Amino acid sequence: MVAIGAAMLALLLLVVVAGPSIAPFNAAKTSANSLAGPDATHWLGTDSIGRDLLSRLIVGGRGTLTITFVAVALALAAGLVLGLVSGYVGGKVDLVIMRLLDVVFAFPVFLLAIAVVAALGPTIRNLIITIAIVYTPTLARVVRGPVLSVKRWDHVEAARSVGVGEFRIAVVHVLPLVISPILVQTSLTLANTIFTVTALSFLGLGPPPPDPNWGSMLAEARQFMELAPLTVIGPAVAIVFASLTFIVLANGLREVLDVGNR
Amino acid sequence: MSPLLEVRDLTAQFARDGVPATVVKGISFDIAPGESVGFVGESGCGKSVTARAIMRLAPEGSSVAWGGRIGFRGQDLLTLSEREMRDIRGRRIAMVFQDPMASLNPVMSVGAQIDDILRRHTGLSRKAARQRTIELLGLVGIRDPAIRADDFPHQFSGGMRQRVLIAIAVSCQPDLLIADEPTTALDVTVQAQILRLLNRLRRELGMALMLITHDFGVIAGMVERVNVMHGGEIVEAGPIDQLFAAPTHPYTRALLAAVPRLDGARPGG
């Protein structure tokens, strides 16, 4: 399972890293040959203003996936710090951090995203920040839970009994032991984030044109979907594939990390 | 000789759910440099809490109020700051715990765990620390210490892990080693080896040893003096021979009677 997930992830990473250089055409170049079906030149056909669909999928995937990865990385960093501090320090600190996260958690993802993007403008940076904020509470909770239990384990007291400082105990003797649920949750968050990013772009709250991304491609193609179904199916399949990648990866990681890890 | 450790009127009061409970009720005792002293009593008699008071370690998730005085090398440990206390723990006073299976970090090699303490307290370089780690592992009787240092705790048996924990505890040559039920979680055959090891290290390194146990069988031949604890107080104290020969307190007599005898005879029966 984890091998399949890793292979799928490798394909996605190839798209992100190589992007335009593996696309057969310039993704922004228009032509008179619009809404054409698949042929030997344009493998997936062209869109309403004659741009090559496959090239746009690849370049658009790079945009969508980059936003996803950066946003989740930020959410993970914030979640790790907040969850670790909250769980390890406990008491009033824990109470304050968790209640603040509850406030964020209580907002529906889209409502919060729409509000932030509407207030600050639809740029890639704002989209990333919004998504990072939205997913931080989930990750912080996943970190905090096991920290609460691991900090009471004997080896933590043993470390304290030989003079190891609290910061070092938290980072060296607690954090590495809670890493497996975090990996799984991060992978699931990536799957969710793909949907959030494309949905916001679909609604016009993503990065502005001409940068293609899977969400805005779907939105543009919607009106022609009876004439050229591939223009909708292409991005839709890409979104599902990317999301599935992270779900498969999460399941694989869970199997690998849960069974016989001790 | 002036005592290494001088405990006077030590009290420990826990507050759980707002209800205070006094677990240690004003006990006093001394430990001389290099001396070995046993603390015997049943579960919950306050002997482990006494040990933790000397280390100033409150059980995680509870708050405890210490009272009295713990004199150690001219300082009162109860008045030191947490930072000063961290320099004492592991360097001057070290502790060996009951459960060797749980007391090592499962995701760090045992060598790295010893290196860490050495570097923390002695400022040795990475290389010098590893050299010393290998010496220490050899000292506590681990074969092929240079190879075993890179192994993880799950690759060691319980007895071997307790040896590793002892190596960590004695790594900085502390003045006082506290062993809290160090053999309770081990097989009987391994228990004797661990006790012999503790005794040998105490003599070789010139440490004082505070041995805590519920089992009179464990301290026989290990310590010079015994404090018998019951209900948070020291009910009887004295040289071990005298205590075995003529226990004066009824609780001590009851504890001694609880030790199974080889000939099957029941004391007083």
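Small disclaimer: the values here were computed from a predicted structure and weren't measured. Chain naming here is simple, since letters A, B, ... match the order of the sequence lines and numbering starts at 1 in each.
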Hey, can you pull the donor-acceptor pairs under 3.5 Å for the side chains in residues 59-81 of chain A, sequence neighbours left out?
| residue | atom | partner | partner atom | Å |
| --- | --- | --- | --- | --- |
| A/R62 | NE | A/V16 | O | 2.9 |
| A/T64 | OG1 | A/G60 | O | 3.1 |
| A/T64 | OG1 | A/W214 | N | 3.3 |
| A/T66 | OG1 | A/R62 | O | 2.5 |
| A/T68 | OG1 | A/T64 | O | 2.8 |

What part of B/R83 gets closer than 4.5 Å to chain A, counting heavy atoms only: side chain, backbone, both or neither? neither

Any side-chain heavy-atom pair from A/V164 and B/R120 closer than 4.5 angstrom? no

What residue, out of A/G90, A/P176, A/G165, A/G91, has the most heavy-atom pairs lying under 4.5 Å from chain B? A/G165

Return the minimal non-hydrogen interatomic distance between B/D116 and A/H173, and the atom names on each side. OD2-NE2, 4.5 Å

Distance-only check: which donor-acceptor pairs under 3.5 Å involve side-chain atoms of residues 96-117 of chain A, not counting sequence neighbours?
| residue | atom | partner | partner atom | Å |
| --- | --- | --- | --- | --- |
| A/R99 | NE | A/D102 | OD2 | 2.9 |
| A/R99 | NH2 | A/D102 | OD2 | 3.1 |
| A/D102 | OD1 | A/R141 | NH2 | 2.3 |

Between B/I117 and chain A, with a heavy-atom cut-off of 4.5 Å, which part of the residue counts as in contact: side chain, backbone, both or neither? side chain

Do any of residues 107-115 of chain B come closer than 4.5 Å to chain A, heavy atom to heavy atom, and if so which ones, in number order? B/V107, B/M108

The interface call for B/I88 against chain A, heavy-atom contacts under 4.5 Å, is neither

With chain A as the partner, which of B/R86, B/H121, B/M95 has the greatest number of non-hydrogen pairs under 4.5 Å? B/R86

Any idea which heavy atoms bring B/F97 and A/A158 closest together, and the distance? CE1-CA, 3.6 Å

Tightest non-hydrogen contact, residues A/D154 and B/D99, listed as OD2-CB, 3.8 Å

A/R125 CZ: over 12 foreign heavy atoms closer than 6.0 Å: no

Chain A heavy atoms under 4.5 Å from B/N105: which part of the residue, side chain, backbone, both or neither? both

With sequence neighbours left out, write down each residue that passes ring pair (Phe, Tyr, Trp, His ring centres under 6.0 Å) with A/Y135, or none if nothing qualifies. none

Look up atom CE in B/M55 and atom CZ in A/R160, then write down how far apart they are to the nearest 0.5 Å. 11.0 Å

